[in-house]
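Below is one structure, written out as structure tokens; the observations come after it.
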Number of protein chains: 2
Amino acid sequence: MRSSSQLTIGSVVSRDSGGSLVEQIVRSVACRIDDKLLRTGSRMPSIRQFADEQKVSRFTVVEAYDRLVANGYLESRRGSGFFVRERASLINTSHHHTQEIPSSQQPDVVWLVRNMLRQLPPQKMPGSGLLPHEWLDGELVANGLRAVSRLNQSLLLHYGTQQGFLPFRQQLQLKLAELEIAAAPEQIVTTNGVTQALDLVAREFTQPGDTIFVDDPAWFLMFATFATLGTKVIGIPRLHDGPDVAKLAELAALHKPKLYIIHSVLHNPTSTSLSAAKAFQVLKTAELHDFMIVEDDIYCDMHPGSAVQAATRLSALDQLNRVIYLGGFSKTLAANLRVGFIATSRETAIRLADRKMLSSLTTNEISERVVHKILSEGHYRKHVDRIRSKLDNARDEVTNRVEKIGMRVQYRTPAGMFLWVDTGKDTIAMTERALEKGFLLAPGSLFSPHQLPSTHMRLNVAAMADSGVWNFLEGELS
Amino acid sequence: MRSSSQLTIGSVVSRDSGGSLVEQIVRSVACRIDDKLLRTGSRMPSIRQFADEQKVSRFTVVEAYDRLVANGYLESRRGSGFFVRERASLINTSHHHTQEIPSSQQPDVVWLVRNMLRQLPPQKMPGSGLLPHEWLDGELVANGLRAVSRLNQSLLLHYGTQQGFLPFRQQLQLKLAELEIAAAPEQIVTTNGVTQALDLVAREFTQPGDTIFVDDPAWFLMFATFATLGTKVIGIPRLHDGPDVAKLAELAALHKPKLYIIHSVLHNPTSTSLSAAKAFQVLKTAELHDFMIVEDDIYCDMHPGSAVQAATRLSALDQLNRVIYLGGFSKTLAANLRVGFIATSRETAIRLADRKMLSSLTTNEISERVVHKILSEGHYRKHVDRIRSKLDNARDEVTNRVEKIGMRVQYRTPAGMFLWVDTGKDTIAMTERALEKGFLLAPGSLFSPHQLPSTHMRLNVAAMADSGVWNFLEGELS
């Protein structure tokens with residue numbers, strides 16, 4: 001039954017929450033609809049009324065309502081105003097495109113990842129999530145492959161073991177111990193990258209209809225992954241030192257989530273890390289509302305240490321009881337090896353290993369042997385030291401230049417490969433124009449769990465060497 | 001509401017359907033319960049009545065009822081007889097074991113696959129689904145790895161492309177053309193083995209509660225994979241030249257399946273292939289009842305050609321409209337490379353590639369380049385020729401010896417690596433005794449979609465060289 005009673009929205013605009021006024025209104029109305037605080041069929045306040053209540057111009061409200069209509073949150077009924085509509089998830093339908101998406105189409109999650117995988121020249125991809133090839137060490141990987149090819153050949157022929165190559169898991173035990181996380185090899189399961197790890201964990205711990213919390217903004221691919229499982233994705237606002245814990249507690253009480261996926265260290269896209277105090281609050285909230293935490297630590301080896309940027313890992317506090325730890329080598333060694341891993345309780349490790357077996361039998365032990373070889377030869381530490389110092393130089397230079405052309409860096413952090421910048425303009429339109437010139441940007445809407453329009457975008461500081469990229473951005477912002 | 005009216009079962013015993021009398025009774029009662037022809041709560045005929053009606057001994061009925069109770073199909077209520085019970089799927093719960101399964105536990109699907117991956121010496125695994133290492137060519141794989149390690153190193157570092165390495169897909173186009181299947185490279189999606197292919201296809205085409213048809217017997221891992229998706233698995237009896245098409249039509253009308261997974265060529269575990277007439281009937285049934293067919297052709301390269309064993313591929317008739325073709329190189333090159341693929345319509349290929357991206361980002365392009373290298377150098381054909389001729393010798397020898405010790409080979413086929421043999425004894429108990437002596441068998445119940453007890457088991461003719469295996473089997477059958 002539809003109620004058409006008119007709503008009071010409450011204050012939706014605040015000066016410190018980032019983004020334009022229009023964006024703030026869109027975001028808070030959309031959240032209230034997602035959270036069922038505004039019900040399907042309710043009539044929205046009139047444009048004049050909304051403008052008066054929120055003390056914003058009518059033009060601002062018109063633009064916000066227009067965007068909410070475009071995003072499927074509201075519908076306009078001629079002569080009688082705006083109403084909250086039943087919303088078909090944008091993500092849910094995005095993987096059902098039945099033909100190649102023309103480049104002029106609205107960017108969505110699947111669209112961006114497809115483009116990332118299309119192998120444009122790296123210097124044309126400031127929106128990429130990888131380091132350029134010349135920052136990595138192909139020789140390390142090639143040597144590893146040759147070393148593995150010289151092993152007893154029968155090792156190449158059989159299936160790998162169910163949980164993954166044991167000496168590699170023993171090596172990961174030592175790596176985790178350095179992070180103060182105690183994990184025996186039997187608590188570790190290797191995966192085809194962190195993407196498979198997230199898919200396995202979500203399949204194990206959720207049913208269709210369940211809720212998963214993510215950071216907002218967050219790594220976009222998982223939104224679509226979780227949507228294919230029929231789960232509901234809710235974003236927790238990410239601040240400079242971790243999530244908004246008050247909001248987390250409030251939304252946990254409301255939604256009773258099964259999982260919260262969080263980047264504690266060098267969050268993608270903001271490069272912020274979790275403070276000790278925030279980490280403790282997050283764990284207490286998870287205990288109170290009984291949800292599991294998945295700590296995605298894929299940027300672990302890019303972090304310079306707590307002296308440079310405070311960073312507390314939830315797994316170190318909780319010791320893998322309520323927290324499941326994910327890691328991998330796609331960012332620092334080679335994405336193509338597809339080597340990631342899960343560390344968790346013994347019990348969950350067995351269940352996840354069975355699930356891995358049922359969805360892909362085993363992972364590629366050849367790749368795991370290559371990574372094991374590289375790690376055991378001691379070249380890896382020097383390699384990631386080099387990456388960090390190159391990132392430091394690039395970050396400083398890109399930050400200065402970005403601010404000079406009129407963009408604002410949301411959090412100036414001393415580590416990581418990403419800058420989360422506010423351009424002051426709609427970054428979806430900007431991305432479309434960039435693509436026409438052959439550049440791939442990563443617009444903020446992609447990192448929003450609800451694909452809300454945004455003036456933010458993610459820049460990869462290692463992929464900003466091309467002068468064409470800067471010419472484009474200067475033109476956009478002038 | 002429970003009805004306790006007594007049932008008429010109809011004839012359940014026939015001389016030509018294979019297996020002991022007890023097994024035949026168990027199978028047909030279980031099928032009727034699965035098919036809802038016998039409803040939850042119904043009272044079964046008394047033991048005397050059943051024995052009289054079916055003209056079998058009371059002892060036989062007692063044993064059959066006992067097994068049906070043990071398998072959760074019936075419950076015995078003291079003093080009032082046997083009743084059909086609500087059945088919790090054995091498979092559904094099997095992946096929720098929370099600790100390592102002791103070796104004395106009843107074998108189930110997950111149990112066998114775990115053991116296969118435990119890397120017993122190959123000569124101790126007549127139940128294995130792989131060729132022994134010495135039958136394969138480690139040098140081919142090692143050379144491939146070295147060749148790939150010498151490529152432009154930046155090729156090792158990035159992600160693979162979404163659908164898979166293009167030159168490899170072009171190569172697969174040629175391979176499929178030889179099988180009279182026209183598939184452009186954009187119709188092909190590479191996967192982490194056939195296991196991931198099945199998981200992706202099932203996730204794309206089914207919802208929880210949907211029905212998937214499989215052969216009975218069939219490759220066991222997928223029963224558990226499909227159970228984790230909440231789908232119902234129904235078996236179609238497999239005969240010497242393909243499925244029982246009358247049964248297929250009857251069950252399709254009853255269950256309205258979404259998918260039918262079939263091995264057209266060298267079916268696992270019987271090594272039978274599909275006749276032209278059966279293939280045509282299967283396709284007509286699929287059209288009439290509007291379900292998709294998934295043709296798993298993993299044993300393709302072990303098939304010696306239609307002159308030796310008639311074999312019609314559904315994909316060759318249908319040209320990838322209603323049939324999805326799966327293939328891979330785990331059996332003939334190296335399981336550890338994890339290289340499989342899907343060939344399907346352009347539309348479905350895009351959807352499956354997106355799904356692959358959301359569950360594991362990309363496959364390992366390094367492995368795809370290794371397989372591509374091996375295939376393009378022309379050694380592969382000679383390699384599989386050698387495997388086939390070794391299999392022919394081994395099959396003849398093992399068949400003779402197996403029959404000499406009193407086992408019956410269900411279908412004497414001139415091709416393939418498996419014999420499906422009837423031992424006349426319960427093969428679950430036999431498997432437990434074998435494991436105590438350090439041998440892994442593959443008991444028939446594992447290949448049954450409902451894990452029904454069976455006197456059959458699958459023997460790998462390439463893994464019967466160990467005299468200990470023969471001593472054990474002779475002891476069991478004497």
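Letters A, B, ... are given to chains in the order of the sequence lines, protein chains preceding strands, and every chain is numbered from 1. We use all heavy atoms of the structure for the numbers below, so side chains are in, but hydrogens, waters and symmetry mates are not.
Only the backbone of A:T363 comes within less than 4.5 Å of a heavy atom in chain B; its side chain stays farther off. Within the 4.5 angstrom heavy-atom criterion, only side-chain atoms of A:L229, from C-beta onward, approach chain B. Of the two parts of B:E139, the backbone and the side chain both hold a non-hydrogen atom closer than 4.5 Å to a non-hydrogen atom of chain A. For A:K356, no part lies under 4.5 angstrom from a heavy atom of chain B.
Taking both residues in full, the closest heavy atoms of A:L358 and B:A224 are given as CD2-CB, 3.5 Å, listed atom of the first, atom of the second, then distance. In terms of heavy atoms, B:T228 sits closest to A:R355 at CB-NH1, 4.1 Å. Residues A:A142 and B:S149 share a closest heavy-atom pair of CB-O, 3.3 Å.
Using modelled atom types, no side-chain atom of B:N192 and backbone atom of A:N192 make a donor-acceptor pair closer than 3.5 Å.
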Residue pair B:Y159, A:L130: steps toward the side-chain contact (heavy atoms from CB on, under 4.5 Å) verdict: CA-CA 9 Å; B:Y159 287 111; A:L130 291 183; 3.3 Å; yes

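Residue B:D137 holds its CG atom at 11.0 Å from CG of A:L156, rounded to the nearest 0.5 Å. A distance of 9.5 Å separates CG of A:L151 from CG of B:L145, quoted to the nearest 0.5 Å. One distance of note links OG of B:S360 with CG of A:L200; it measures 9.5 Å at 0.5 Å rounding.
A donor-acceptor pair shorter than 3.5 Å can be found between the side chains of A:S367 and B:N364.
Taking 4.5 Å as the limit, some side-chain heavy atom of B:R150 sits within range of a side-chain heavy atom of A:R146. At a threshold of 4.5 Å between non-hydrogen side-chain atoms, the residues A:N336 and B:H158 count as touching. Taking 4.5 Å as the limit, some side-chain heavy atom of B:R338 sits within range of a side-chain heavy atom of A:L361.
Heavy-atom contacts from other residues, nucleotides or ligands closer than 6.0 Å to CD of B:E377 number more than 12. More than 12 non-hydrogen atoms from other residues, nucleotides or ligands lie less than 6.0 angstrom from NZ of B:K331.
Between A:R203 and B:D199 there is a salt bridge, with a side-chain nitrogen of the basic residue lying less than 4.0 Å from a carboxylate oxygen of the acidic one.
Between chain A and the residues B:A334, B:G193, B:G144, B:A202, the most heavy-atom pairs under 4.5 angstrom are made by B:A334.
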